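Each remark here refers to the structure printed beneath this line.
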Amino acid sequence: MVAITLPDGSVRSYDGPVTGMDVARSIGAGLAKAALAVRVNGALWDLTRTLDADSEIAIITAKDADGVELLRHDAAHVMAEAVKELYPDTQVTIGPAIENGFYYDFARETPFSTDDLAEIEARMREIVARDEAIIREVWPRDTAIKFFESLGEAYKAEIIRDLPEDQTITLYRQGTFIDLCRGPHLPSTGKLGTAFKLMKVAGAYWRGNSDNAMLHRIYGTAWASQKDLEAHLTMLEEAEKRDHRRIGREMDLFHQQEEAIGSVFWHTKGWTLYRTVTDYMRRRLEAGDYQEVKTPQLVDFSLWEASGHADKFAENMFTIRTQDDRHLAVKPMNCPCHVQIFRQGIKSYRDLPLRMAEFGSCHRYEPSGALHGIMRVRAFTQDDAHIFCTEDQITSETISFCHLLKTVYTDFGFTDVRVKFSDRPAKRAGTDETWDKAEAALMEAAKAAHLEVELNPGEGAFYGPKLEFVLKDAIGRDWQCGTLQVDFVLPERLDAAYVAEDGAKKRPVMLHRAVLGSFERFLGILIENFAGRFPLWLAPVQAVVAPIVSDANDYAVEVAAALKAAGLRVETDLRNEKINAKVREHSVAKVPLLLVVGRREAENRTVALRRLGSDKQEVLALDEAQAKLGHEAVPPDLV
RNA sequence: GCCGGUGUAGCUCAGGGGUAGAGCAACUGAUUCGUAAUCAGUAGGUCCGCGGUUCGAAUCCGCGCACCGGCACCA
């Protein structure tokens, strides 16, 4: 007898061993048809695996997140089968499910072209129609290695060799295709359905290491239903429409050109946005008792050697040999310079915590392939600060930083924030004892700040562990912006010290922190998050006054002056165009407020206000509009 | 940096060994109009750059550059 407990708590008994499929069938034909896999005591299993002990199980269908993930994983296998049928000389490597879809990496001489995708996808649909049973097989390790080698599948053989000795080796067979896989899988290829699409080809290094061979990756997307697939494709189109490079051009915010690769030419409207953000941050920093500084662009290379940055990042620094044979670097970051300011004069424990902020203009020679609009550039400005403090102050400083961060993100409209904890990387400065101390201190501070952190092993900075703050935008994409890093190493290397209560010389701890990251990138994120439709306080042009007839021009100019006096960024549109055209153009230009004035308004000293995104009008007295809109346009920290 | 793709007017794009094309935008003129495109006309090009093939190259070939999508990188 086997007793099976279902998620609702009910228990079913079966004579002898049963499979997940047997249980699903005994519950109902509909469920049996929809079943993709089964969760057994918390682990996902194939439906065909035998349950020979009492278990708690749940039948997984495409309605479960796990079910969709299995679907995507199967899509990868079906794609591999299709590729092997069409191009038998191709080796298969790995092919996991990922967010929204799947990919598979193939090794072959000739890369796939986008034109091949249609053919591969058509073959995948045939394989789904064949409804091949997917069968799990357990193989002895050595036999499996020999088998894959005999097929010429060197990568698969290598994967098995690297698996732990005690790992069960499972292969999955569908039709004539057989693949090494941990599983589980759907019962047959037909269960995959038709809601998938191959998206793009790309290069990818074997095992993610750039020293290894480049494989050819095909990305696809797969969903539980055609409707979900279409919704996803629509979302991608929407994402493309909010591309910051496109909106930057359309709204005349900035441009980039060949003569200054990886740099931004900010146009007046973009720079207005930029200044609005920096002005806001400056006020927040002042309120948080930071002191602002400015440090040199060109710094002798020896300082970067002393800090340890040269060891790791020399190739990514712009350097200069001067006429008098000095070796300078354009600063790639601000921390060593801040330590130089800290070192001026004698610092006492009474000076701590000392919060030193800089809108630090930095240059890094980023690899050409990394550049991306204004999001990843070679010239950028960080909202950087270093907090020099004692070990005892790490917790309280972390708490107040988290407060600042939350306030700022909320003001910019981001409320969904995740936190990652990145600990020691393989290549690092400082002793293990120092790292133990730094990691423990940061973790404790994170707990005290009531943060729920996800572990991100091995991803810390070379000088210390870090918290990374990831925010979610309006269409669900993640952006890593804020960071807080604990550093016991740099103060030592650059000889920063303060005099403690007992008169002894001590090392401060440095907390490296940024809220936005870089202004360039953050503005890119803002542009994409709002799709250019900025909240009033951020909009480069907040209001346009548009007369209907030229008789109202003088009054329009007067209205604009009144709004300007109330602190708004306002333009007039006196062109000899119909009001329809003006409404359309300023709506397309994403101007939040449109004030239309005709003869009626000029006579009554009113304005007809139309807000972006609405086709309704509100007629207000000019005085009233001035007060009301002036109030609405105030940045959130000044309300 | 690596793999693949793209590069034609300000923008979106068509064309393709024989005088460079459209729509929108721009400019000029007319129109004074009540909430998402008024009409007419004019002008606009190193077809990414450099070399090669050819009587002739924007088109074919080679090299380079930039950008786009990934990978790797991200102090």
Side-chain angles (χ1 to χ4, degrees), chain A residues 103 105 110-116 199-219 240 243 245-246 249-250 252 255-262 304 307-317 331-336 362 364-373 375-377 380 382 384 425 427-429 459-464 466 480 483 485 487 490 512 517-518 521 546-553 575-589 594-601 608-610 612 614-617 619:
Chain A
Y103 67 77
D105 285 346
T110 344
F112 293 103
S113 78
T114 3
D115 300 335
D116 298 329
M199 303 298 284
K200 55 196 172 197
V201 294
Y205 297 109
W206 167 235
R207 297 201 150 160
N209 184 335
S210 56
D211 297 332
N212 292 343
M214 174 129 321
L215 307 173
H216 305 293
R217 177 173 296 180
I218 301 178
Y219 282 97
E240 204 180 312
D243 188 308
R245 291 163 297 198
R246 174 176 168 152
R249 185 178 56 239
E250 287 170 352
D252 195 18
H255 86 271
Q256 296 178 280
Q257 69 184 51
E258 273 194 49
E259 286 74 9
I261 299 163
W304 308 105
S307 70
H309 290 97
D311 275 350
K312 203 162 183 291
F313 297 109
E315 286 188 353
N316 299 304
M317 289 163 69
K331 79 170 164 185
M333 59 182 333
N334 311 299
C335 21
C362 297
R364 294 178 185 173
Y365 190 80
E366 301 287 3
S368 56
L371 301 176
H372 177 83
M375 301 272 209
R376 187 82 183 271
V377 284
F380 55 93
Q382 297 176 314
D384 200 9
K427 204 176 160 190
R428 58 180 182 262
E459 297 294 324
F462 75 88
Y463 49 72
K466 57 186 180 184
Q480 188 180 307
T483 182
Q485 308 170 5
D487 181 3
L490 265 191
H512 304 240
S518 92
R521 192 172 111 97
I548 295 170
V549 291
S550 50
D551 286 354
N553 282 4
R575 292 174 308 157
N576 182 6
E577 285 290 349
K578 289 171 77 170
I579 197 62
N580 291 295
K582 293 186 185 182
V583 167
R584 180 184 149 77
E585 282 179 38
H586 300 300
S587 300
V588 168
L594 184 61
L595 294 100
V596 175
V597 294
R599 290 200 181 92
R600 220 151 57 209
E601 285 75 15
L609 172 66
R610 178 183 170 129
L612 182 62
S614 162
D615 55 4
K616 295 202 176 63
Q617 305 156 49
V619 177

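Order of the sequence lines sets the chain letters (A, B, ...), proteins ahead of strands, with each chain counted from 1. Values reported hereafter were calculated over all heavy atoms of this structure, with side chains retained and with hydrogens, waters and symmetry mates removed. Being a predicted model, the structure only gives us computed values, none of them experimental.
- Pro332(A) meets the side chain to side chain contact (heavy atoms under 4.5 Å, CB included) test with Trp304(A), Met317(A), Arg364(A); sequence neighbours excluded.
- Both distances falling under 3.5 Å, in either a Watson-Crick or a G-U wobble arrangement, place rG29(B) opposite rC39(B).
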- For nucleotides 32-39 of chain B, 5' to 3', base contacts (B), sugar-phosphate-only contacts (S) and non-contacts (-) with protein non-hydrogen atoms under 4.0 Å give BBBBBBB-

- Task: Decide yes or no on side chain to side chain contact (heavy atoms under 4.5 Å, CB included) for Arg610(A) and His586(A), but give the supporting numbers first.
- Result: CA-CA 11 Å; Arg610(A) 178 183 170 129; His586(A) 300 300; over 6 Å; no

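- Counting only heavy atoms from C-beta outward, the side chains of Ser307(A) and Met333(A) never approach each other to under 4.5 Å.
- Judged as a side chain to side chain contact (heavy atoms under 4.5 Å, CB included), and not counting sequence neighbours, the contacts of His255(A) are Gln257(A), Phe265(A), His267(A).
- Nucleotide rU19(B): unpaired (no Watson-Crick or G-U wobble partner with both distances less than 3.5 Å).
- For Arg521(A), there are no salt bridge (Lys or Arg N to Asp or Glu O under 4.0 Å) partners at least two apart in sequence or on another chain.
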- When every nucleotide of nucleotides 70-75 of chain B is labelled 5' to 3' by its protein contacts under 4.0 Å (heavy atoms), B for base, S for sugar-phosphate only, - for none, what sequence of letters results? BBBBBB

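- With sequence neighbours excluded, the residues forming a side chain to side chain contact (heavy atoms under 4.5 Å, CB included) with Arg376(A) are Glu366(A), Ala370(A), His372(A), listed by chain and number.
- Ring orientation note: the planes of Phe313(A) and Phe462(A) are tilted relative to one another, at an angle of 30° to 60°.
- For Arg249(A), there are no salt bridge (Lys or Arg N to Asp or Glu O under 4.0 Å) partners at least two apart in sequence or on another chain.
- Per the geometry, CG belonging to Asp105(A) stands 16 Å off P belonging to rC3(B), to the nearest Å.
- Looking only at distances, a side-chain donor or acceptor of Asp116(A) sits under 3.5 Å from a matching main-chain atom of Ser113(A).
- Under the 3.5 Å distance criterion, the side-chain polar atoms of Lys582(A) are left unmatched by any main-chain donor or acceptor of Ile548(A).
- For Tyr103(A), the ring-ring contact (aromatic ring centres under 6.0 Å, His included) partners two or more places apart in sequence, or in a different chain, are Tyr219(A).
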- Quick one: do Gln256(A) and Val377(A) satisfy side chain to side chain contact (heavy atoms under 4.5 Å, CB included)? Show the steps, please. CA-CA 10 Å; Gln256(A) 296 178 280; Val377(A) 284; 4.1 Å; yes

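- With sequence neighbours excluded, the residues that form a salt bridge (Lys or Arg N to Asp or Glu O under 4.0 Å) with Arg599(A) are Asp551(A).
- Across rA9(B) and rG4(B), the matching C1' atoms stand 29 Å from one another, rounded to whole Å.
- Taking the P atoms as reference points, rA43(B) lies 24 Å from rU8(B), given to the whole Å.
- If you check rG4(B) for Watson-Crick or wobble pairing at under 3.5 angstrom, you find it paired to rC68(B).
- In this structure Asp311(A) satisfies the salt bridge (Lys or Arg N to Asp or Glu O under 4.0 Å) test with no other residue, sequence neighbours excluded.
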Can you check nucleotides 10-14 of chain B for protein contacts, nitrogen or oxygen pairs under 3.5 Å, and list what you find?
from    : atom 1 : to        : atom 2 : distance (Å)
rU12(B) : OP1    : Arg249(A) : NH2    : 3.1

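- Searching all strands for a Watson-Crick or G-U wobble partner of rG56(B) with both distances below 3.5 Å returns nothing.
- Remark: rA14(B) base-pairs with no nucleotide; criterion is Watson-Crick or G-U wobble with both hydrogen-bond distances under 3.5 Å.
- Under the Watson-Crick or G-U wobble criterion, with both distances below 3.5 Å, rC63(B) is paired with rG49(B).
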Please enumerate all protein N or O atoms sitting under 3.5 Å from an N or O of nucleotides 62-68 of chain B, with distances to 0.1 Å.
from    : atom 1 : to        : atom 2 : distance (Å)
rC65(B) : O2'    : Glu258(A) : OE1    : 3.1
rC68(B) : OP1    : Arg245(A) : NH1    : 2.6

